[in-house]
Each structure stands twice: as structure tokens, then as C-alpha cells.
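Structure, as C-alpha cells:
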Number of protein chains: 2
Amino acid sequence: MDSIVSAQTFYAGEFRHAIDEKNRITIPSRWRRKNTEEFILLPDSQNQFLLVMSPEEFARMSAAAESNASIAARERRIFLRQLHSRAQHGLADKQGRLVLPEELCRKIGLKGEVALVGGRGRFEIWNVTRWKRADEEETPTYQHVANVIGL
Amino acid sequence: MDSIVSAQTFYAGEFRHAIDEKNRITIPSRWRRKNTEEFILLPDSQNQFLLVMSPEEFARMSAAAESNASIAARERRIFLRQLHSRAQHGLADKQGRLVLPEELCRKIGLKGEVALVGGRGRFEIWNVTRWKRADEEETPTYQHVANVIGL
DNA sequence: CAGTGGTGGTTAAGAGTGGGACGAAGTGGA
DNA sequence: TCCACTTCGTCCCACTCTTAACCACCACTG
């Protein structure tokens with residue numbers, strides 16, 4: 001279990017970056033691994049934000065869904081089909097900028113300044129105003145769990 | 001000495017150090033391990049102080065939240081997202097100084113003299129005046145528990 | 001009085017951003 | 001089918017601002 005955790009890329013922190021007219025967004029330098037990196041772009045189910053992860057992480061995620069015995073086979077099949085149809089490839093250019101498909105930006109409302117929110121194995125891209133609300137709403141939960149684990 | 005418990009660093013003592021105009025703070029030499037060290041910076045939920053720990057300790061902490069059965073799945077998910085978005089990478093320079101993001105300093109009110117407070121696996125950075133108040137408030141409890149465990 | 005620890009400034013490298021150049025791919029007409 | 005034209009995508013360069021590495025200094029302390 002410890003080995004799996006350390007194998008996963010960890011994206012720490014929250015950044016505010018700009019999306020230019022060509023829908024390019026700079027990936028925080030601390031989050032970059034190689035010069036040219038490939039990502040999977042996956043809008044969340046409510047088009048609130050854009051999930052970004054490595055192809056390996058995406059494979060891991062869909063494998064987890066497949067091997068989960070507590071999900072009915074039919075549900076699983078539907079989920080996996082939706083997962084794969086929603087996902088898009090994204091390539092970073094030599095400057096470390098991710099180019100987002102125009103359609104995704106429009107759907108999620110990514111324009112001008114956006115929030116990049118870290119996570120384990122993946123990060124999220126939010127419209128700034130929407131992210132601020134999400135962060136504030138959920139604070140009580142954070143507090144509660146923090147108490148439980150003694151943080 | 002690879003067991004999880006003994007791997008935890010213990011930071012002992014309380015120090016008063018200065019934060020300069022570039023938001024650099026010297027880590028007490030007794031607390032340093034290598035020349036250049038990497039830390040995770042995590043403001044507490046009320047922005048009272050700044051938690052500083054090693055990436056390993058952070059991973060341990062988030063693993064603890066994940067594996068705790070007494071926390072509902074939804075809460076856990078929200079907590080982990082916030083935990084990762086709040087956490088920032090911090091790198092110490094060759095002089096053993098930790099550079100803090102400007103925004104964190106402003107939020108927590110770290111300026112001029114600050115208090116570095118040790119702990120198990122992590123330490124805290126406080127605004128001095130706030131720390132003094134927190135310390136005084138909590139002294140009776142310390143006394144009480146000390147009596148109970150026969151310290 | 002030498003060595004270590006904390007502090008302050010300067011400088012060079014790197015990160016984020018904008019815009020132009022070039023080639024590939026797609027489109028329409030002869 | 002071929003060619004001219006447009007469009008799109010990637011790369012490259014330039015600029016600004018931030019960041020981290022480097023150097024120098026002072027104050028203790030053993």
C-alpha cells in the first residue's frame with residue numbers, strides 16, 4: 001500500500017494561471033515531469049471542472065472500476081463506456097503548456113484566469129469563481145476529518 | 001530503521017526566528033536533515049498557523065484519512081481534495097531557509113518574528129503574539145494531562 | 001578565536017505569458 | 001486529380017517577473 005502511494009504522482013498546491021486565446025495553459029513547473037507530457041482530459045460528470053491525469057493514472061482508474069465487485073456488471077459497462085467517450089487526449093508543448101480543446105473550455109467555462117487544484121495522481125482545472133465557492137462550501141467537512149485523524 | 005514509527009522525525013523545542021522581506025525563514029539547525037530539504041506546507045483549517053512536514057509524513061497523513069473506516073466516503077473524498085489543494089511544496093535553500101509563498105504568509109499573518117513550534121513528524125509556524133495566546137490558553141490542559149500520565 | 005547558526009542583499013536562472021512563423025491538414029474549384 | 005487557398009496546430013522567440021543559488025556578514029558559543 002505504501003508502494004502504490006509513492007508510485008503515484010503527487011500534485012501539491014493551488015495555482016492561478018491564465019488561459020490565452022489559443023486555449024493554452026501553463027502547467028506549474030513543479031508539476032512537470034518530462035519535457036513533453038501526455039495527459040488525459042476528463043470533464044467531471046457535471047462539467048464543473050476539468051480533470052487532468054496521466055494515461056497511466058487513467059488506466060488505473062478504469063481498472064479500479066472494472067475490478068470493483070460491489071458494482072453491478074451492467075453499471076460498470078455503462079460507466080466505462082461513458083468514461084472513455086468523455087476522455088480526451090491532451091499534449092503539452094515544449095514550453096510546458098497544455099492545449100485544451102475549444103469545446104471543453106466552453107463547456108466548463110474556462111477562460112482568462114483559472115484555478116489549478118492539485119491532487120493525488122491528478123489535478124483539476126476550475127473556473128476561478130466556481131472554485132472559490134466549492135472550496136468555501138466544503139470547509140466544515142475538512143475540519144471534521146482533520147479532527148478525526150488528529151491533524 | 002525503516003519501520004514507519006521510527007521513520008518519523010521528531011522536532012523538539014520552540015524557536016523564535018525572523019521572516020525577511022522575501023518570506024524566507026531559517027529552519028533551526030537541529031531540525032535539519034540534509035542540505036536541501038523538501039517540505040509540505042499546510043495551513044491549519046482556521047489559518048492560525050502553518051504546518052510543515054516532510055512529503056512522507058504528508059502521505060502518511062492522507063493515507064490515515066483514507067483508511068479510517070469511521071469517516072464517510074463522501075467526507076473523505078472532499079477532505080482529501082481540500083488537503084491536497086491546500087498543501088504546497090516548500091523547498092529549503094542551501095542555507096537551510098524555507099521559502100514561504102507570499103499568500104500563505106499574508107493569510108496566516110506571518111511577518112517579522114515568528115514562533116517555530118516542534119512536534120512529532122511536523123512542526124508549526126505561528127505568528128508570535130497569536131502563539132503566546134494559544135500557549136497560555138492551553139497550559140492548564142497540558143498540566144492536567146501531564147499529571148494523568150505522571151510526567 | 002575558529003566554527004557554527006542566523007540574517008541580509010545581489011545575481012543569474014527559470015517560470016509564466018504573448019505573439020509570430022512555419023508546416024500539415026482540410027476545403028473548394030477547375 | 002491536381003492545385004491554390006484557408007485553417008489549424010505546434011514550435012520558437014521575446015519579454016517580464018519570480019525564484020533560487022550565491023556571497024558576505026555578524027553574533028554567539030564552545
Side-chain angles (χ1 to χ4, degrees), chain A residues 9 11-41 50 52 88-106 110-118 123-128 131, chain B residues 9 11-41 50 52 55 87-107 110-118 123 125-128 131:
Chain A
T9 314
Y11 303 102
E14 182 189 323
F15 295 83
R16 299 293 161 98
H17 281 180
I19 292 191
D20 61 19
E21 292 88 32
K22 295 156 108 174
N23 296 328
R24 295 179 299 186
I25 181 168
T26 310
I27 298 165
S29 62
R30 303 246 173 108
W31 291 1
R32 291 179 215 155
R33 302 286 149 195
K34 322 157 217 159
N35 262 358
T36 53
E37 221 165 349
E38 197 192 351
F39 291 100
I40 299 290
L41 313 175
L50 183 67
V52 184
Q88 307 216 10
H89 274 285
L91 254 145
D93 66 11
K94 293 282 166 63
Q95 274 66 35
R97 283 180 292 193
L98 190 56
V99 187
L100 304 179
E102 168 67 30
E103 200 210 338
L104 274 183
C105 290
R106 205 164 15 79
L110 301 177
K111 222 180 80 176
E113 196 190 21
V114 298
L116 292 140
V117 183
F123 59 91
E124 303 167 0
I125 306 179
W126 287 74
N127 172 307
V128 264
W131 165 245
Chain B
T9 314
Y11 302 102
E14 180 191 326
F15 296 82
R16 299 292 163 100
H17 282 180
I19 292 191
D20 61 19
E21 292 88 34
K22 295 157 94 180
N23 297 327
R24 295 179 297 188
I25 181 169
T26 310
I27 298 164
S29 61
R30 305 251 176 101
W31 290 359
R32 292 178 215 156
R33 302 285 148 196
K34 321 158 215 157
N35 262 357
T36 52
E37 220 165 350
E38 196 192 351
F39 291 100
I40 298 289
L41 313 174
L50 183 66
V52 184
Q88 307 237 357
H89 274 289
L91 255 147
D93 65 12
K94 295 281 165 63
Q95 274 65 37
R97 282 180 294 192
L98 192 55
V99 187
L100 305 180
E102 167 68 31
E103 201 209 337
L104 276 183
C105 290
R106 205 164 14 79
K107 263 206 308 198
L110 300 177
K111 222 179 79 177
E113 196 191 19
V114 298
L116 292 139
V117 184
F123 60 91
I125 306 179
W126 287 74
N127 172 308
V128 264
W131 165 244

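Order of the sequence lines fixes the chain letters, A, B, ..., with proteins taken first and strands second; residue numbering starts at 1 for each chain.
Checked options B:I27, B:I19, B:D20; the residue passing with B:R97 is B:D20 (criterion: side-chain contact (heavy atoms from CB on, under 4.5 Å)).
For the pair A:N23 CG and D:dC8 C1', the computed distance is 12 Å after rounding to whole Å. Here the C1' atom of nucleotide C:dC22 and the CG atom of A:D93 are 15 Å apart, to the nearest Å. When the P atom of D:dC17 is taken as reference, atom CD of B:E102 falls 16 Å away, rounded to whole Å. Spacing between atom NZ of A:K94 and atom C1' of D:dA14 amounts to 18 Å, rounded to whole angstrom units. If you measure from atom CG of B:L100 to atom C1' of D:dT18, you get 16 Å, rounded to the nearest angstrom. When rounded to the nearest whole Å, the span between CG of A:L91 and C1' of C:dA24 equals 16 Å.
When all heavy atoms of B:P55 and B:I40 are compared, the pair lying nearest together is CA-CG1, 3.7 Å. Nearest approach of B:W31 to B:V117, heavy atoms of both residues: CH2-C, 3.9 Å. Of all the heavy atoms in A:Q88 and A:P101, the pair that sits closest is OE1-CG, 3.4 Å.
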Could you encode protein contacts along nucleotides 13-18 of chain C as a string, one character per nucleotide from 5' to 3', using B for base contact, S for sugar-phosphate-only contact and - for no contact, with a heavy-atom cut-off of under 4.0 Å?
--SSBB
Start with the C-alpha distance between A:L98 and A:L41, add both sets of side-chain angles, then the distance that settles side chain to side chain contact (heavy atoms under 4.5 Å, CB included), and finish with yes or no.
CA-CA 10 Å; A:L98 190 56; A:L41 313 175; 4.0 Å; yes
Does the pair B:D93 and B:E37 meet the rule for a side chain to side chain contact (heavy atoms under 4.5 Å, CB included), with working shown?
CA-CA 8 Å; B:D93 65 12; B:E37 220 165 350; over 6 Å; no
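Partners of A:E14 under the side chain to side chain donor-acceptor pair (under 3.5 Å) rule, at least two apart in sequence or in another chain, are A:R16, A:W131.
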Which atom pairs link the protein and nucleotides 27-30 of chain D when you take only N or O atoms and keep those under 3.5 Å?
none

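With contacts defined as side-chain heavy-atom distances shorter than 4.5 Å, the pair A:L110/A:I125 qualifies.
Between B:K22 and C:dG9 there is no side-chain N or O to OP1 or OP2 distance below 4.0 Å.
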